Structure formats: C-alpha cells, structure tokens
Q: 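First the structure, then my questions, so here it is.
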Amino acid sequence: MTQHDPAFDAEGSALKLLRHPHLARVVHVFVPSAAVLVGVSVWLAEGRVLPALLGVLYGFAWWTLLEYFLHRYVLHWEPEESWAKTLRRFMPGHRSHHNDPHDPDDVVSVKHSFAIPLAVIGLALLLPVFSWPFSLSTLAGAALGYTAYEYVHFACHQLPMKNGIGRRLRQHHGFHHYRDETVNFGVTSPFWDWVFGTLHRPARRR
C-alpha cells in the first residue's frame with residue numbers, strides 16, 4: 001500500500017488536486033473527450049450552441065443518478081458465487097478504499113474502460129428519443145460529471161473542505177465511510193439518497 005502523503009493533510013488550495021497523477025489522467029481523458037463531443041454536436045446542429053448546452057446539463061444531471069447506482073450496486077457488490085467473483089474482478093475495486101480511506105492513491109479509479117460500454121448504451125437509449133447533437137452533448141455532460149465526481153471524492157478525503165457546500169459533502173460522504181456503508185452513496189450530491197431512501201437522517205433530539 002502506498003504510504004499516505006502528509007502534504008495532503010495541510011491546509012492548501014485546489015492545486016493539490018491537480019498534482020495527483022490519477023486525477024490528472026481523468027482530466028486528460030474525459031475533458032478532451034467532452035470537448036470533442038460538444039464540438040461535433042455544435043457542428044451537426046449547424047452552429048447552434050443551445051442544444052449542446054442543454055445536452056451537457058442533461059448529461060451532468062443523469063451522471064449523478066448513474067454515480068449513485070454504480071456506487072451502490074457495483075462498487076459495493078461483493079458476490080459469493082465463483083462466476084460472479086470472476087466478473088467482479090473486471091470492475092473497479094472499492095473494498096481497499098474503504099479499508100484505508102486516507103490513502104490518496106486509492107481514491108480515484110484507474111479503470112476507465114468502463115466509459116466505452118456506458119457510452120454505447122447511452123447512445124442506444126438516447127438516439128431513439130433525441131437528436132444526434134443533443135445525444136452527443138449529453139455524453140459530454142456525463143463525462144464532465146464523472147470528472148467532477150472524482151474531484152469531489154478526492155477532495156472529501158484529502159482536503160479540509162471546512163466551509164459551505166464542501167463541508168456538507170465531506171460530512172455526507174464521511175458518514176458512509178466511518179459509520180454506515182449502507183447509506184449516503186451519492187458523492188457529488190445527496191439528492192438520489194433522499195429519493196431512494198438511503199440518506200442518513202440524524203435522530204432528532206427531544
């Protein structure tokens with residue numbers, strides 16, 4: 001296991017996020033991919049930007065739902081059957097992260113090949129309903145949503161996040177790690193935990 005880097009414990013800026021190689025890889029893969037998808041979307045829409053912007057927002061919103069389901073049903077899937085264990089090895093790991101949440105090298109996923117089948121499935125679901133420009137920009141929004149997820153997740157474990165929304169997200173995710181793994185699966189937003197009944201609600205004091 002990689003030794004914890006004390007530099008991430010000190011009070012600092014978002015530059016710490018940019019320093020980590022796993023996060024840099026996420027940016028280098030998903031942000032350019034999103035830019036290309038938006039560019040093709042605008043080109044197919046004959047220069048109209050509005051469908052691309054709406055698609056990006058739509059895709060970002062859908063990512064938060066996908067993030068919830070992936071975290072709850074894939075990352076926390078620990079099967080007993082041998083065939084399922086074999087299948088599980090091809091998916092991103094998560095147990096080691098729960099065993100040592102403070103390890104900065106075990107926060108960000110390094111298996112990005114999952115994006116290809118998800119993109120194919122996404123297009124198959126979008127194109128019967130939406131146009132090509134909107135569908136492609138929706139994929140771009142999802143790619144940006146994934147990037148935001150990795151950054152927020154890393155920050156929750158490695159940065160102070162003492163103020164405002166950051167503090168709330170850090171507390172929300174911290175309860176999932178240190179108190180109850182069966183609640184608070186959303187990382188970038190607690191909204192879907194609230195919708196599906198997995199949001200931890202502190203007991204009210206009399």
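Side-chain atoms are counted along with the backbone in the values below, which use heavy atoms only and exclude waters and symmetry mates. Residues: numbered from 1 along the sequence shown. Fair warning: this is a prediction, and the values are worked out from it, not measured in the lab.
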Q: Step by step, would you call H177 with H97 a ring-ring contact (aromatic ring centres under 6.0 Å, His included)?
A: CA-CA 9 Å; H177 269 277; H97 171 54; 4.6 Å; yes
Q: Among pairs that include at least one residue of residues 40-69, which meet salt bridge (Lys or Arg N to Asp or Glu O under 4.0 Å), considering only residues two or more places apart or in two chains?
A: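 As it turns out, there is no salt bridge (Lys or Arg N to Asp or Glu O under 4.0 Å) pair with a partner in residues 40-69 once direct neighbours are skipped.
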Q: Got a sec, which residues hit ring pair (Phe, Tyr, Trp, His ring centres under 6.0 Å) with F60, two or more places apart in sequence or on another chain?
A: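 For F60 there are no ring pair (Phe, Tyr, Trp, His ring centres under 6.0 Å) partners, ignoring immediate neighbours.
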Q: Does T147 have any side-chain hydrogen bond (donor to acceptor under 3.5 Å, both in side chains) partners at least two apart in sequence or in another chain, and if so, which?
A: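 Scan of T147 (side-chain hydrogen bond (donor to acceptor under 3.5 Å, both in side chains), adjacent residues dropped) gives none.
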Q: For residues 121-129, which side-chain N or O atoms pair as donor and acceptor with protein atoms under 3.5 Å away, sequence neighbours left out?
A:
none

Q: Could you list the residues that satisfy ring pair (Phe, Tyr, Trp, His ring centres under 6.0 Å) with H172, not counting sequence neighbours?
A: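 None.
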Q: How long is the gap from NZ on K162 to CZ on R167, to the nearest 0.5 Å?
A: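 Rounded to the nearest 0.5 Å, the NZ-CZ separation comes to 11.5 Å.
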Q: Give the cluster check for L139 versus W43: same hydrophobic cluster or not, with ILVMFWY residues linked at side-chain heavy-atom distances below 4.5 Å.
A: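 Per the 4.5 Å side-chain linkage, L139 and W43 are co-clustered.
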Q: To the nearest 0.5 angstrom, please state how far the OG atom of S135 sits from the OH atom of Y58.
A: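 Between S135 OG and Y58 OH, I get 9.5 Å after rounding to 0.5 Å.
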Q: Do F134 and L44 have side-chain heavy atoms sitting under 4.5 Å apart?
A: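 A side-chain contact is absent here, since even the closest heavy-atom pair is not under 4.5 Å.
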Q: Within the distance-only criterion (no hydrogens, no angle test), does the side chain of D193 pair as donor or acceptor with the backbone N or O of G186 below 3.5 angstrom?
A: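 Here the side-chain-to-backbone pair exists.
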Q: State plainly whether one hydrophobic cluster holds both F130 and L118, where clusters connect Ile, Leu, Val, Met, Phe, Trp and Tyr through side-chain heavy atoms under 4.5 angstrom apart.
A: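 No, F130 does not connect to L118 through the hydrophobic network.
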Q: So, does R170 use its side chain to make a donor-acceptor pair with the main chain of C156 at under 3.5 Å?
A: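 Side chain of R170 to backbone of C156, a donor-acceptor pair under 3.5 Å: yes, one is there.
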Q: Give the C-alpha distance, both sets of side-chain angles, the deciding distance and a yes or no for side-chain contact (heavy atoms from CB on, under 4.5 Å) between H98 and H176.
A: CA-CA 10 Å; H98 270 266; H176 170 78; 3.2 Å; yes
Q: Check whether any side-chain heavy atom of T138 sits under 4.5 Å from a side-chain heavy atom of V56, and report yes or no.
A: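 The answer is no, as the side chains (C-beta and beyond) never meet within the 4.5 Å cut-off.
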Q: May I have the step-by-step check of side-chain contact (heavy atoms from CB on, under 4.5 Å) for L199 and N184, ending in yes or no?
A: CA-CA 5 Å; L199 179 66; N184 293 12; 3.9 Å; yes
Q: Could you go through H173 and H157, starting from their C-alpha distance and side-chain angles, then the distance that decides it, and tell me whether this counts as side-chain hydrogen bond (donor to acceptor under 3.5 Å, both in side chains)?
A: CA-CA 9 Å; H173 189 58; H157 287 285; 3.1 Å; yes
Q: Group every Ile, Leu, Val, Met, Phe, Trp and Tyr by side-chain heavy-atom contacts under 4.5 Å, then state whether V49 and L54 land in the same group.
A: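 As far as the 4.5 Å side-chain criterion goes, L54 and V49 are not connected within one cluster.
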Q: Can you name the side-chain hydrogen bond (donor to acceptor under 3.5 Å, both in side chains) partners of Y178, sequence neighbours left out?
A: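 Only H102 meet the side-chain hydrogen bond (donor to acceptor under 3.5 Å, both in side chains) criterion with Y178.
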Q: So which residues get pulled into V183's cluster when ILVMFWY side chains under 4.5 Å apart are joined, directly or through others?
A: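 Result for V183 is F175.
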Q: In a table with atom names and distances, give each donor-acceptor pair under 3.5 Å that connects a side chain of residues 28-40 to protein atoms at least two apart or in another chain.
A:
from: H28; atom 1: ND1; to: A24; atom 2: O; distance (Å): 3.2
from: S33; atom 1: OG; to: V29; atom 2: O; distance (Å): 2.6

Q: Go through the structure and list residues passing ring pair (Phe, Tyr, Trp, His ring centres under 6.0 Å) with F69, not counting sequence neighbours.
A: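 Listed in chain order: Y73, F196.
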Q: Decide whether V26 and W63 are clustered together by the hydrophobic rule: side chain heavy atoms of Ile, Leu, Val, Met, Phe, Trp, Tyr closer than 4.5 Å, transitively.
A: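 Per the 4.5 Å side-chain linkage, V26 and W63 are co-clustered.
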Q: Strictly under 6.0 Å, is that where the ring centroids of H153 and H71 end up?
A: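 Ring-ring flag for H153/H71: false, centres at least 6.0 Å apart.
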Q: Under the side-chain contact (heavy atoms from CB on, under 4.5 Å) criterion, do F185 and L70 qualify, and how do the steps go?
A: CA-CA 9 Å; F185 293 101; L70 287 175; over 6 Å; no
Q: Run the side-chain hydrogen bond (donor to acceptor under 3.5 Å, both in side chains) test against T64 and tell me which residues pass, sequence neighbours left out.
A: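 Partners of T64 under the side-chain hydrogen bond (donor to acceptor under 3.5 Å, both in side chains) test: W192.
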Q: According to side-chain hydrogen bond (donor to acceptor under 3.5 Å, both in side chains), who are the partners of Y68, at least two apart in sequence or on a separate chain?
A: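 With sequence neighbours excluded, Y68 shows a side-chain hydrogen bond (donor to acceptor under 3.5 Å, both in side chains) to R72, T198, given in chain and number order.
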